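Here the structure is laid out as structure tokens; the discussion comes afterwards.
Computed from a predicted model, the values in this text were never measured in an experiment. Lettering follows sequence order; numbering is per chain, from 1.
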Amino acid sequence: MSTAGSTQGVRQLIARSNRLYLDTNTLQYFTGFLKTEPVAAAAVKKLLQQNELETLGADSAGIVSMRLTADSYHETVMQRKTREAQRTHWQLVTPMFTSGVPSADSDPHLLQAQPLLGVKATNSVLRRLITATAGALDAFRANPDLPGQSVPLPACLFAIEAKEYLHSGEHVQPSDNVQVTLFINAANGQYTVGMPWNGLWVGTVTIAMKKLLAQMTQHPIGTLSKSTLKAGYRLSRDPLVTERIRHPDEEDAAVFKSIGSRGPAESDEQIS
Amino acid sequence: MPGVITDPTAALLALVNQGALNAYAEREDLYWGRYAFQQLVSATAVQQLIELGHAEGASDGVAPVVYPTLLGLKVAARAQEPPSEEVGEVSAVLGSRIWERAATVTTPTVGLFLSQSQVSSLLRALVSARSKASATAGTLILATGGLVPPQLAVQLEGAVLPDPGMLEVMSVPTKLRGQLSSLRRFRFVISVEKGDGPLLIFMAAGPNLRFLGRISLTSLLGVLADVHPTITDDDSYVALGASYGASDKRLADATGKSVS
């Protein structure tokens, strides 16, 4: 492999998480979120010489965090143009936030990373979401002591910088294919998605069921089967979805309005 | 700006109601609820509370944070209506002292508030959840907890559980139970999986779930029995022991079932 080829390959590899780490204890470079991969020092040197990397900081364990510059990241993503027929449609793309208590085993550099979650709009994924939601709503109606359920769902993790590219339909390589947990809050008509993260938890803001289900109709014809669309439409008419009950502990929309912000509850992160 | 609290007394009540206030990142003159993003308070009113000794300032490393002091809690208790519903006396908190790394001399505590009624309803919900959890889906149940401000949290004595979740059981001295019981209650969610998997505990205030920690069902039942020994006679407690197959010695001892 030529030097240029290897540099390009390394650029693509780093772009998946858009994080490059240097362990100053071992002088090894590595990249990734959940599964890290080593990166050749020679390729990193080349990227540094071309001013394609910027430093984000260093942690107490001696790990230096870097990422591709905006220009380099843009160029790397745009090199992976895809035909419309190959295009992946996304039901949900939204940032994830860490919470919890870091343990002694937690890697500080990963705690700083903020991944982007992508849930594909495929028939099987959305069928699972619809079936689980309908089950959770029925269970809550039968027993108010059971306000919700959780189900595993396949998803992808991306660099946070991938957001605008996924919105515009570019093909971006994920850092990891993961199994996340979908929390179905039947009592308040909301979803949240999350997963363990380096001893902590990483999760999305809550999303109104009504908003996510309505998104199903926005995908191009043929993305979802008629029966899935019908089931999604039927679910979206459920009173627990259409007239969701706000919990007193939710953020206050009036507060966001008075400071001129849409706020998390009003934001619309779903894309087709 | 409409809706912004400027009166110091109203600001104190808002502070106690929110548990803590955070500076709003994009407006230096405003604070709002640290967890639920509710109620806007002017920075001037917050400064007055600090000067009066009703609040103490800290930082979470990103933005200024304000907690009520013991004096502030007492003044607020005199200024507001007593709670209309019986919430029960909180005798222990199951939570973490390092959940928030606020740069204060003392740190706040966040966790489940364990009153007798809370423990009973938690047991009932756990029984329902264990019977409902399927091989493919877990069940969520609700619990009640809150934030114990630093000056109160430092007076709670606790023991860290052996579970890897780093949770701590903190007993509340009798003289402080009135003050702790008057604190703002927040919704917590517990995720219950089928089998022996750990329970995941989240604070569910504001826009996202905030992970508090994980605990095994055995440990949780042990904690509840230690805090309120009479619950071991509760049908729900016995039912949970039976559903667990009495394979765990501590639980078996507590529920009177033999270990197979």
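- For the pair D145(A) and A125(B), the tightest heavy-atom approach, listed with the atom from each and the gap, is O-CB, 4.3 Å.
- Scanning for ring pair (Phe, Tyr, Trp, His ring centres under 6.0 Å) contacts around F33(A) gives W197(A), with sequence neighbours left out.
- Heavy atoms of T204(A) lying under 4.5 Å from chain B belong exclusively to its backbone.
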*Please lay out, stage by stage, how W201(A) and L200(B) fare under the test side-chain contact (heavy atoms from CB on, under 4.5 Å).*
CA-CA 10 Å; W201(A) 186 263; L200(B) 305 180; 3.8 Å; yes

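- Exactly one residue among N185(A), T192(A), V193(A) makes a side chain to side chain contact (heavy atoms under 4.5 Å, CB included) with L209(B). That residue is T192(A).
- Closest non-hydrogen pair, L142(B) versus P147(A), comes out as CG-CG, 3.6 Å.
- With a 4.5 Å cut-off on non-hydrogen atoms, I184(A) touches chain B through its backbone but not through its side chain.
- Rounded to the nearest 0.5 angstrom, R184(B) CZ and D249(A) CG are separated by 5.0 Å.
- Heavy-atom pairs under 4.5 Å with chain B were tallied for P248(A), A187(A), G199(A); the largest tally goes to P248(A).
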_Derivation and outcome, side-chain contact (heavy atoms from CB on, under 4.5 Å), residues S150(A) and L140(B)_ = CA-CA 7 Å; S150(A) 62; L140(B) 307 179; 4.2 Å; yes

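- Interatomic distance, L146(A) CG to I141(B) CD1, rounded to the nearest 0.5 Å: 8.5 Å.
- Around atom CD of Q179(A), more than 12 heavy atoms belonging to other residues, nucleotides or ligands sit under 6.0 Å away.
- Listed here is the closest heavy atom pair of Q38(B) and E250(A): NE2-O, 2.7 Å.
- Formation of a donor-acceptor pair under 3.5 Å by the Q39(B) side chain with backbone atoms of V255(A) is not found in this model.
- Proximity to chain A is absent for every atom of Y35(B), based on heavy atoms less than 4.5 angstrom apart.
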